[in-house]
Amino acid sequence: MANKAQNGSKLIYYPSEDVIKNAHVQEYDQLYAQSIQDREKFWAEQAENIDWFKPYDKVLDDSAKPFYKWFTGGKINIVHNAIDRHLTTGKRNQLAMIWEGEPGDVRTLSYHALNREVCKFANVLKSMGVKKGDIVTIYMPQILELPIAMLACVKIGAAHSVVYGGFSSDALINRIEDAKSKLIITADGGYRRGKTTQLKEIVNEAIRQCPTIEVCLCVKRTGEEVYMENGRDYWLHDLINLPNASPKCETVEMDSEDSLFILYTSGTTGKPKGVVHTHGGYTVYTSTTHRMVFDVKDYDRWWCAADPGWITGHSYIVYAPLINGSTIMLYEGAPNHPYPNRWWQMVEKYGITILYTSPTAIRGLMRYGETWPQRHDISSLRLLGSVGEPINPEAWRWYHEVIGNGKCPIMDTWWQTETGGFMITPLPITTLKPGSATKPFFGNEMAVVDKEGNAVGPGEEGRLVIKAPWPGMARTILKDPDRYVETYWKEYEKQGWYNAGDSARIDEDGDFWIIGRIDDVIKVSGYRLGTAEIESALVSHADVSEAAAIALPHDLKGNAIYTYAILRQGCEGSRELEKEIKEHVAKEIGPIAKPEKVTFTDSLPKTRSGKIMRRVLKARALGLDEGDLSTLEE
Ligand code: WT7
């Protein structure tokens, strides 16, 4: 990656001979063309890398569009592929996971040890009545028991629903209710920026309103005093040392299309959607994308610095790297604790070779300057990755030059909770342009089109669509198949395309540039939040009668939440009230949703049908042209 060239005003980075020579995939154009021409053949070839209990009959079943099925008739379990099959090879002695807690404690697990811990945990779950087809809710800090719990559920045929540990009890209640979980796994707390988080307390609050929960398993992490209810709450360490938690547990055979996990994500309306992923297609898709895009080798130490509670963590901390037999790094806490060199210290200490993170994390570390990474020998890094939002060229260059020493290609991967894995992404051999996710992954046909579905010209902005199915795609929304069709497939029903909800451009070289969300979804620090969720949290404050939320550009977070509130009669806007409302939203949804500002107003711009015109609020806030106001009724 040392060679750069100037093309107009844009920088282009060419891969070095060395990178090309050693890459798994050495050629893109021809393989891509073949993968499009015969998609099923391409995916059948990739499925050869996976162990099936029983071979599948059909690669793709498209008889009930848009409810596509992959590898039908096949019997599989992702855990067999992630763990069991490595136990009879040299991999069993290799490190599967290296974990460092924020206070500095370290734990490592070989594949053999990971299997033992997963089996014991699975036997505990069985003894508590968890059965095939159940959905277990997991609400945990970033400790090793989190991936272990996920794998244990799946091993015995249950699906997990991991709720991010930064969410409030209300968000947790909604998700438990929707999934009808009988069992929840949590911890007393976790460490973040030198403080502890009180997870068990939040779970206690949630269970009070969730009658389906019968059992709560609690991992001891901080050792702080927590309330445990007799007959309902159990310490994991008590159960896991009992004789019936044996270190042997059979992995249950699942159908390719059986549910693997549910993951909730924000949409355009208030209620979060339970996105459903399944065993067969997800196993093939995530492992193939991880292997080809990050060019994984036996000597690699892979660090995806995301929270396991998000899709990035599911696909690329837990499942794909284990299927590929990688050594995975996990870290519990904040990147700048106790000092801004924390990550670089760990890269040096553990000899990390691939780092995959978000633009918001890069910007956050960049502001402390380059002397922090320069204190450490981070030359073990050979590849870098970015995900979650468009990466601004300044952050790209810092990442490339200061962290990658000008030699590590940056894989800017575009994808979504719903896609399961990378959709538009470079390979190590790809010519890179800072800010572009470059080209579709093999098998994927993507386009940028107008409202009617006509392709827009090079460089023109349009809507990003996916024209053909892929194995990692979400299968439905839990208990709401209509919403699945409505959200993703309605807009381009005639063409049968998936509507990604993003706006984008394709340049003259065929490279994709993602601009941002078109629907009412805000990306804050890479996290996805619905304006409707934020607005409903605002109006749940006693003084607020109506509210609107918009995103405005922010140097660090990418976007920040700006809100507008109409107060109830007799209420007076004040600094104190603004602060109180901000705290209220943070409490309702979680700290990531805390608004930057609450503006008190007497009216909101609305259409005649009563929809808030957020683009008008945004234009006003930025001092821009308000655009077409013909539907405005203020
Ligand atoms: C939305 C999906 C997939 C894991 C993390 C986010 C935005 C994601 C990129 C990228 C530009 C990106 C899109 C997408 N996004 N990756 N490389 N460049 N934008 O998953 O929470 O489901 O959000 O994140 O807007 O639609 P998610």
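Whatever order the structure lists ligands and atoms in, that order sets their numbers, starting from 1. In this text, all values refer to a predicted model and were calculated from it rather than measured experimentally.
Close contacts between ligand 1 and D412 involve ligand atoms 10 (C), 17 (N), 18 (N) [criterion: under 4.0 Å to a heavy atom]. Taking a cut-off of under 4.0 Å to the non-hydrogen atoms of I514, the atoms of ligand 1 that pass are 11 (C), 19 (N). Within ligand 1, the atoms closer than 4.0 Å to a non-hydrogen atom of P390 are 11 (C), 18 (N), 19 (N), numbered from 1 in the order shown. Taking a cut-off of under 4.0 Å to the non-hydrogen atoms of R528, the atoms of ligand 1 that pass are 2 (C), 21 (O), 22 (O), 23 (O), 27 (P).
Under 4.0 Å is where a charged nitrogen must lie from a carboxylate oxygen, and between R614 and E535 at least one such pair does. We find that K439 and D511 are joined by a salt bridge, their nearest charged nitrogen and carboxylate oxygen being less than 4.0 Å apart.
With a heavy-atom cut-off of 4.0 Å, T312 touches ligand 1 through its side chain alone. At a heavy-atom cutoff of 4.0 Å, ligand 1 is contacted by both the backbone and the side chain of Q416. With a heavy-atom cut-off of 4.0 Å, T413 touches ligand 1 through its backbone alone.
Looking only at protein heavy atoms, the nearest one to atom 26 (O) of ligand 1 is R517 NH1, 2.7 Å. What sits closest to atom 13 (C) of ligand 1 on the protein, heavy atoms only, is D502 OD2, 2.9 Å.
Side-chain contact between I262 and V275: absent, with no pair of heavy atoms (C-beta onward) separated by less than 4.5 Å. With a 4.5 Å cut-off on side-chain heavy atoms, S358 and T312 do not count as touching.
Where the criterion is an N or O separation shorter than 3.5 Å, residue side chain and backbone included, T265 fails it with respect to ligand 1.
Only one option out of Y498, W43, W70 pairs with W470 in a ring pair (Phe, Tyr, Trp, His ring centres under 6.0 Å); it is Y498.
Heavy-atom distances between G388 and ligand 1 reach below 4.0 Å in at least one pair. Residue A437 places every heavy atom at 4.0 Å or more from ligand 1.
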